[in-house]
Each structure stands twice: as structure tokens, then as C-alpha cells.
Number of protein chains: 2
Amino acid sequence: MNITRKKRTRLYRDIVAQIRQLIQDGSLAPGDQLLPERQLAEKLGVSRSALREALTALDSMGMIDITPGGGAYIRKIGVESLIEPLAAIMLKEKESVYELLEARKIIEVQVAGLAALRASKTELYQIKEAATEMHNDVINNRDAGESDLNFHLAIARASQNGVLYNIMEMLSGLMREAYVPSRNELLRDPVHTQVWCQQNFQIYEAIKNKDPEAASRLIREHINTAEERLRLIDDGEAE
Amino acid sequence: MNITRKKRTRLYRDIVAQIRQLIQDGSLAPGDQLLPERQLAEKLGVSRSALREALTALDSMGMIDITPGGGAYIRKIGVESLIEPLAAIMLKEKESVYELLEARKIIEVQVAGLAALRASKTELYQIKEAATEMHNDVINNRDAGESDLNFHLAIARASQNGVLYNIMEMLSGLMREAYVPSRNELLRDPVHTQVWCQQNFQIYEAIKNKDPEAASRLIREHINTAEERLRLIDDGEAE
DNA sequence: TTATTATTTTGGTCAGACCAGAATAAACCA
DNA sequence: TGGTTTATTCTGGTCTGACCAAAATAATAA
């Protein structure tokens, strides 16, 4: 298990690469605990400081989870770990929120069409579940933002395309990351959220009926109305 | 009984946040050199080890560039730094290449439509440039893969949507990252690449004429044919 | 001036130490 | 015996100081 030191490469990079390799090989599965720093350092033939830098990098990448006194554990990686740096890259101006919405619209409209063609029974069930959960949130006057996102993600999952699903997950995360006070205001409005839920159930029906055109159209309308209302609120605040 | 476990703040995270803040504030611009480790550590009131872990994290995130003996410099961040971890998440099976193509198709078709509506003169010029460059590559029998990607990225830039552009950049990077030997074979076929170039010029014309329908349709055909050929090659190899 | 050689600076790595909190073993009491 | 408390070990977090190699810079010689 000794590291083979290449020239000029930072030692910590070698170690990171090695651990990532072990994860990819399956030698280290998510949830596994790696050896304590001192032992691992000795096993790899490096000092604790060097190993520590590697662990720091892995931690900042979200690949491992370190708890003081407890140890370091392999974490199953998801796009969530990339959303924060993504936000730093993509969301530099306020206007980018609308670019985000535009991107979401483009992708979700198509994704809904795919979902209508491909959704399995269990995925249909999950979509329905998400819709009802959001409905519950709304009638209980709770924040429906999260359940709404779950609804859209369930649809993306039903598209049977992992890449598209991950992109949707990113965009949802960015939506959350972006500072959009108007969004909260939108989610608080009981009238709109009511309509919103109704739309969601219509979308579910369209997907269930394997009607991609209807699903796409409904999603487009859904997002369009949300976008318009957001713009109204923002413009109102500007004065 | 509240069991919310308090998370001890890791020092390196504070430092990372602090430096990122300085970048966002503009106090540190890309290209700037930060203080030497020893000085910076003293200035921040932490040990060199702690600071070093922060720098390691920033380095692994691609936010700074460290050269031994030279110093550490702020680097302009782009999605490139995220592509490698993204690949680890998204591209676990071979079939995902086709998911990637499907995602590209969905996004690019729409993006081309937007570009037809919004492209400025300089962006039109850039698209044309990219197309001719690819043409040059083809007639000189060079690898046209990179210039082809540039062509598509130029279109994405013309869509005036930074989020979509970044997504396209990601997908292009993933395309490169994915091990697709058939893609190389595809790019070597002189007949096919010839047609390819012709299609690119047609797409350029459609965008120039502000005809979103035509642009979308042409892009769709473009990618469809490429996908079909890829599938043919892959199926042929499978036997 | 230019080329060469010292010297300093900078990051890279290492070793060992101490602390605080978590995990575990031991002791204790009911 | 079983559960609670206490002591001990283990683990990560941080610090100090040291040495090395390569890069940057200053000093020197041609």
C-alpha cells in the first residue's frame, strides 16, 4: 500500500489519488472508516502532516467525513458537494437567477417529456408522493419550497437519465443557494401555492398517461407563471 | 433532550472562507499573489500547519495555484475544476455516455434556438471562426474534436445565458473525460467529418438569419447522426 | 552589460508535542 | 446482574520548530 512518489507532484495529491482509487476499486465503500491518521500515515510511509493535507483535501471535496475524536469515514459522493463551488462560479450577479430559471425551464420541460415516456410504476408513485407531500405542506401552511423541489427531482429521476438528473439536482441546489428573498415571499402566498399544487397534480396525470406533450406543456406553464410572479415581486421591490 | 451535536469549527474552513471572502470582495483579484505562508499565518494568527491545510483545500478546489519556491496565486475559477469530480459522480457506467449525449442534445437544441435570437455580431463572428477552424482541422487531417467542441461552446456563449454556457462546458468536459474510443474513430472518418463541417456552416447560417427553428432542427440532426454513428461503431465492436 | 555564483525566500515534508472531545474500558453502586 | 458513573485510551485539531529542494533574488565576476 506504499505510495509511489512521482516527481514534482505534491505528496498530498498522490495520497488523494490513491484513496480515490481505493474507493473506485471498491476496497473502500461508503460508510467505511479509514485507519486513524497516525496508523495510515505510517502505512503509507508519509508523515502525519502530509497525510493530513490529503485528508483535508478529501474533506473539502466532500469525499470523506471527519469527526473529531471519532475518525474519518468514506462518504457517498453526490453533486451536493459541488454546488457551493458551482454557485461561486455561476451566480455572480443577481440577474443570474433568471438565467437559472431559464436553464431549469429548458431542461425540465424536456425532462418531463422523457419522464412521461419512461417512468416506471414506482417512479410514478414517488412523483405522486412528492406532489401529495407538497400539498400537505401547503395546507398546513409550512414552507413548501423543499417538497416542491423534491417533486421536480422525482420527475427528473423518472427520465431514466442520470446525467440530466444530476444537472437538475445542481440547478435545484443553486436555486437554494441563490439569495432570492422574493422566492420565499412567493412560497408564502397561499393562493399561488394552491394553484401550484393543482398544476403539480396535472403534471403527474400527464406523465401517468404517458402524454409527453402535455407534460412538457404543463411544466412550461408551471415555470413560466412562477417566473412571472417572481419578476413582479422583484420589480415591486425595486421601487 | 436536544441532541444537536455541536460541530467544532475546523480552523482551516474559517481560513478558506476568509480567503474566499477576500476574493469576492475584490481585495484579491485573479493573478494576485498572496503572502508567503509564514507571514500569512502570522497575520491570521494561526500556525503554518493550519494555514497550510487551508491552502491545500483551496488548491484542491482549483482556486489558487501554488508553485514551490514561487508562491501562491489566485486563479480565476472555472467549471473546469469541477469536471473531474463530476465525472466521478456521473460517469460510472459505459451507458452513461449515451445519457450524456441525450443531455447534450436536449440542452444544445434549445441553446441554439436562443443563440439564433440573441447572438451579437461578435458572437456570430466567433461561431463562424470556430466553424472555419474546424474545417481547417478536417482538411488538414488533424483531430477536429477540440475545434468541434469550441464551435458548440461558441453557440452556447451566444445564448447569453451563463448558466447554460457553464452546463455546456461541463458536458463537453465530461465528454472528453469519458473514455470513448469510438469517438476518436468517428472523428477520424474523413467522409463523416466533411459532412459534419457542412452541417456546422448550415447551423451558423441559421443563427445568423435569426431562425431559431432551423437552428434547433439542424443541431438536433447534427447530434442525432453523430449518435447513430457512435452506436453503430460500438455495436460493431461488441461482436 | 551579461553570465555565473551565493544567498535568501518559498513551499514541501517531517518529527514530536500538547489539547479537547469522543469512544471505550473500568469501577462502582443498586 | 444491570445500569450508571468514572477513569483511561484513542482520535482528530493545532502548534512549534526544524530541515530540504527548488525557485527567486542579490552579489559577484567576466
Side-chain angles (χ1 to χ4, degrees), chain A residues 1-20 22-23 28 30-75 81, chain B residues 1-20 22-23 28 30-75 81:
Chain A
M1 197 172 173
N2 272 350
I3 56 117
T4 53
R5 180 115 152 79
K6 288 175 287 183
K7 291 180 192 174
R8 294 280 167 69
T9 68
R10 243 59 92 237
L11 196 42
Y12 91 87
R13 286 192 178 278
D14 289 348
I15 303 175
V16 166
Q18 186 146 355
I19 293 182
R20 286 178 68 168
L22 288 178
I23 295 176
L28 283 178
D32 285 358
Q33 178 178 17
L34 1 71
L35 292 168
E37 292 181 355
R38 290 160 175 91
Q39 294 181 41
L40 190 52
E42 189 184 10
K43 194 164 188 177
L44 294 175
V46 300
S47 73
R48 183 149 91 106
S49 340
L51 170 66
R52 187 146 241 284
E53 291 185 358
L55 294 181
T56 301
L58 286 168
D59 180 52
S60 77
M61 287 190 237
M63 300 191 64
I64 65 176
D65 197 18
I66 306 179
T67 61
Y73 295 81
I74 306 289
R75 198 163 72 178
S81 56
Chain B
M1 195 79 69
N2 209 339
I3 45 175
T4 57
R5 77 187 186 84
K6 58 176 178 182
K7 213 173 190 178
R8 221 170 56 177
T9 73
R10 272 159 278 252
L11 198 43
Y12 91 87
R13 287 194 177 279
D14 288 349
I15 302 175
V16 165
Q18 205 159 338
I19 293 181
R20 286 177 68 168
L22 288 178
I23 295 177
L28 283 178
D32 284 358
Q33 179 178 15
L34 357 68
L35 292 168
E37 291 181 356
R38 291 160 175 91
Q39 293 181 41
L40 190 51
E42 188 183 7
K43 190 167 187 175
L44 294 175
V46 301
S47 74
R48 184 148 90 106
S49 354
L51 170 66
R52 187 145 241 283
E53 291 184 358
L55 295 180
T56 301
L58 287 167
D59 180 51
S60 78
M61 286 189 237
M63 298 191 65
I64 65 175
D65 197 19
I66 306 179
T67 61
Y73 296 80
I74 307 290
R75 198 162 74 177
S81 57

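Bear in mind the structure is a predicted one, so any value in this text is a computation, not a measurement.
In B:E42, the CD atom is not crowded: 12 or fewer heavy atoms of neighbouring residues, nucleotides or ligands sit closer than 6.0 Å.
Among residues two or more places apart in sequence or in another chain, the side-chain hydrogen bond (donor to acceptor under 3.5 Å, both in side chains) test is passed with A:R38 by none. Partners of B:T67 under the side-chain hydrogen bond (donor to acceptor under 3.5 Å, both in side chains) rule, at least two apart in sequence or in another chain, do not exist in this structure.
Between A:L51 atom CG and D:dG12 atom P the separation is 9 Å, expressed in whole Å. Taking atom CG on B:L11 and atom P on C:dC18, their separation rounds to 21 Å, with Å as the unit. In this structure, the CD atom of A:E42 is 16 Å from the C1' atom of D:dT11, given to the nearest Å. Straight-line distance from the CD1 atom of B:I15 to the C1' atom of D:dC15: 12 Å, rounded to whole Å. Between A:E53 atom CD and D:dG12 atom P the separation is 16 Å, expressed in whole Å. Taking atom OH of residue B:Y12 and atom C1' of nucleotide D:dG12, one finds them 13 Å apart after rounding to whole Å.
Nearest heavy-atom pair across B:I66 and A:R10 is O-NH2, 3.0 Å.
A:E37 places no side-chain N or O within 3.5 Å of a backbone atom of A:A72 that could act as its donor or acceptor partner.
Note that NZ of B:K43 is 11.0 Å distant from CG of B:L34, once rounded to the nearest 0.5 Å.
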Any protein N or O atoms within reach of nucleotides 6-11 of chain C? Criterion: under 3.5 Å, listing atom names and distances.
unit_1 : atom_1 : unit_2 : atom_2 : d
C:dG11 : OP2    : B:E37  : N      : 2.8
C:dG11 : O4'    : B:G69  : N      : 3.3
C:dG11 : N7     : B:R38  : NH1    : 3.0
C:dG11 : O6     : B:R38  : NH2    : 3.1

